[in-house]
There are 2 protein chains.
Amino acid sequence: MIDHIYWKEGVLYLLDQRQLPFRKEYVECRSLNDVTGAIKKMIVRGAPLIGIVAAYGVVVGAREIIQRKGHCSDADIQNISRKLLITRPTAVNLAWALKRMQDAYNLHKDDPDMLNILTREAISIHVEDVEGNRILGAYGSDLIDDGDTILTHCNAGALATGGYGTALGVIRAAHEKGKRIKVIATETRPYFQGARLTVFELHEAGIEVELIPDNHVGLLCARRGIDKVIVGADRIARNGDTANKIGTFMIALCAHKYHIPFYVAAPQSTFDRAIDNGDLIEIEERDGKEVKYLRKTLLTLEDVKARYYSFDVTPAKYISAIITERGIIDKPFKKNIQRLF
Amino acid sequence: MIDHIYWKEGVLYLLDQRQLPFRKEYVECRSLNDVTGAIKKMIVRGAPLIGIVAAYGVVVGAREIIQRKGHCSDADIQNISRKLLITRPTAVNLAWALKRMQDAYNLHKDDPDMLNILTREAISIHVEDVEGNRILGAYGSDLIDDGDTILTHCNAGALATGGYGTALGVIRAAHEKGKRIKVIATETRPYFQGARLTVFELHEAGIEVELIPDNHVGLLCARRGIDKVIVGADRIARNGDTANKIGTFMIALCAHKYHIPFYVAAPQSTFDRAIDNGDLIEIEERDGKEVKYLRKTLLTLEDVKARYYSFDVTPAKYISAIITERGIIDKPFKKNIQRLF
């Protein structure tokens, strides 16, 4: 497994995912600014991982304040939480993890051991995510047949989570059960999560993988070259509408047309029970420069406008089932999501 | 207008489209190998342009043989034609142009002026393409409303044709009529025809353009950010099924879902009346390395497999109308295509 996030003596170490698979460089987060910067700049990405990093971020931030002025107030914790919350708008795991940290603080704020308790809470969020992914993977692996060719988009693997993966967790679990699987990974423009991260993870795990540009999915579906689709999620509404990496919706449309099962794999922390449907999910817009440049290489005219949305919403209608650590959610989603939690 | 192909004293000059928009370098084609290489290596691309280049290629090849052995036989011409035909399999304009050159040769093979006659035929194919595009553009511009935001994929512009464009010809014509248009150009992985060529052409023409990754189309359609889609074509079957740049089909699915008109713009030479439907169109597969590398920059693991299909087929069902230099073809396509030609 890739050691892409670890905590040591009050410092959070994050593998810089922008450099993968070419260089393994760690970023040390010693201040709240280091942590918020790591999320904003996409040194780390992936909804569950962002939540975990934010949880550690609360500890880093509280520790920084205690070192400076001897104690940390309610207002300080709220301020830390707010700065972490606004780093990225779409993944709801961020709010979920911050809520858990806030609850832990509220319960133990008068305890002289408060900082250690917060640290243990962040570690719990991290460890539970990995354990949850393993269970989710085991449930999901029942949906996979020996010999399947599975399409995945972006990276919903160990690198997007605490360390096992959601969509790739299902694939890992099926592989561990001895099912022969071939994965088709979309490269995932513009950040190339598929080309850089998914390919890397699957290669390390010894699972056969083939890379395609995002625009190839229609042809492969038409040629019956894909048996199943599994993707992760950044936020799931009460009715099952799912925000995930930009391009997911187009893949779902293709799968739907050819009756190819389309699965979403996500932990409980990705469900936003406060919203009825996907229209209410805020879609992050990032700097168009990330589309125009590949690292330092300009891909187009310098002064052309470019647009970069990070996510889109796949309506529940196009999703066959949602795989969670509590079991597989079938349709009708609204009723079954409510029942599960 | 961009002078991207010209003929001078027996030499064919081609602007190297792989270098655009960063460098304007011309490749000189003095031998048949130069011409076949230019098509295979995608120094030139775009179905109508490939046909024009192949027509000039027949002249270059015949001239080469006459210079070497004093005359050019039926077998020589067939051999030249065959070598040009196999450069790329999907665009039917290539076979169409070679057929015209073969017919010209058959009629005039005993004429001492045969080489000049072939040269004039190639120039005619070139000039007629530009004229045809202007007429096509005028027809198509009637479909465009003032204020439209139009999505296009790949490059079906001056650079893909003799010098005006099919899909971009419609946009140019509407712009020339004073209609205010905004174009959204997909970057078009992996060759970046959209980012490099379409953006460049529209920018030169003073038409507003915005660049998006290919995977953004679903979200933009869902948000009602696109009024119309216009694309080119590489081959159109008798029933209207259309092969075009990979990714076109996924865009058509999105447009269909949101009732956005989806137009194909193509000259007569793109219609293949020998085939009933799109299932019979051969789809070119190119080297996966073109997906794995951006110029010399590796985007993924060196030893991962990658797949690169150049085209996909959009079923006629998803096409609203086909714009040609003979007029606009409405549904039912099979009957109306037959009637038009």
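Quick caveat: nothing in here was measured; it's all calculated off a predicted structure. Here is how names work: the chains are called A, B, and so on, in the same order as the sequence lines, proteins then strands, and each is numbered from 1.
Every residue two or more places apart in sequence or in another chain that forms a ring pair (Phe, Tyr, Trp, His ring centres under 6.0 Å) with A/Tyr26 is listed here: A/Tyr6.
If you measure heavy-atom distances from B/Phe311 to chain A, the contacts under 4.5 Å come from the backbone alone. Only the side chain of B/Leu220 comes within less than 4.5 Å of a heavy atom of chain A; its backbone N, CA, C and O stay farther away. Residue contact with chain A, scored on non-hydrogen atoms closer than 4.5 Å, involves the backbone and the side chain of B/Val291 alike. At a 4.5 Å heavy-atom cutoff, the contact between B/Tyr309 and chain A is made by backbone and side-chain atoms alike. When heavy atoms are compared at a cutoff of 4.5 Å, A/Thr314 does not approach chain B at all.
When each of A/Thr300, A/Leu299, A/Leu294 is paired with B/Phe192, the side-chain contact (heavy atoms from CB on, under 4.5 Å) condition holds for A/Leu299 and for no other.
The local environment of NZ in B/Lys331 is crowded, with over 12 non-hydrogen atoms from other residues, nucleotides or ligands closer than 6.0 Å. The neighbour count for B/Lys24 NZ, taken as heavy atoms of other residues, nucleotides or ligands under 6.0 Å away, does not exceed 12.
Applying the salt bridge (charged side-chain N to carboxylate O under 4.0 Å, His left out) definition to pairs two or more places apart or across chains, those involving residues 183-195 of chain A are A/Glu187-B/Arg189, A/Arg189-B/Glu187.
The greatest number of non-hydrogen atom pairs below 4.5 Å with chain B, out of A/Asp312, A/Asp303, A/Val199, is found for A/Val199. Taking B/Lys305, B/Arg295, B/His203 one by one and counting their heavy-atom pairs under 4.5 Å with chain A, the maximum is reached by B/Lys305.
The contact list for residues 242-259 of chain A toward chain B, using heavy atoms and a distance under 4.5 Å, reads A/Ile246, A/Gly247, A/Phe249, A/Met250, A/Ile251, A/Leu253, A/Cys254, A/Lys257, A/Tyr258 by residue number. The stretch residues 208-219 of chain B places B/Glu208, B/Val209, B/Glu210, B/Leu211, B/Ile212, B/Pro213, B/Asp214, B/Asn215, B/His216, B/Val217, B/Gly218, B/Leu219 near chain A, each with some heavy atom under 4.5 Å from a heavy atom of that chain.
Using a 4.5 Å cut-off on side-chain heavy atoms (C-beta onward), B/Ile283 and A/Arg223 make contact.
To the nearest 0.5 Å, atom CG of residue A/Leu301 and atom CD of residue B/Glu204 are 8.0 Å apart.
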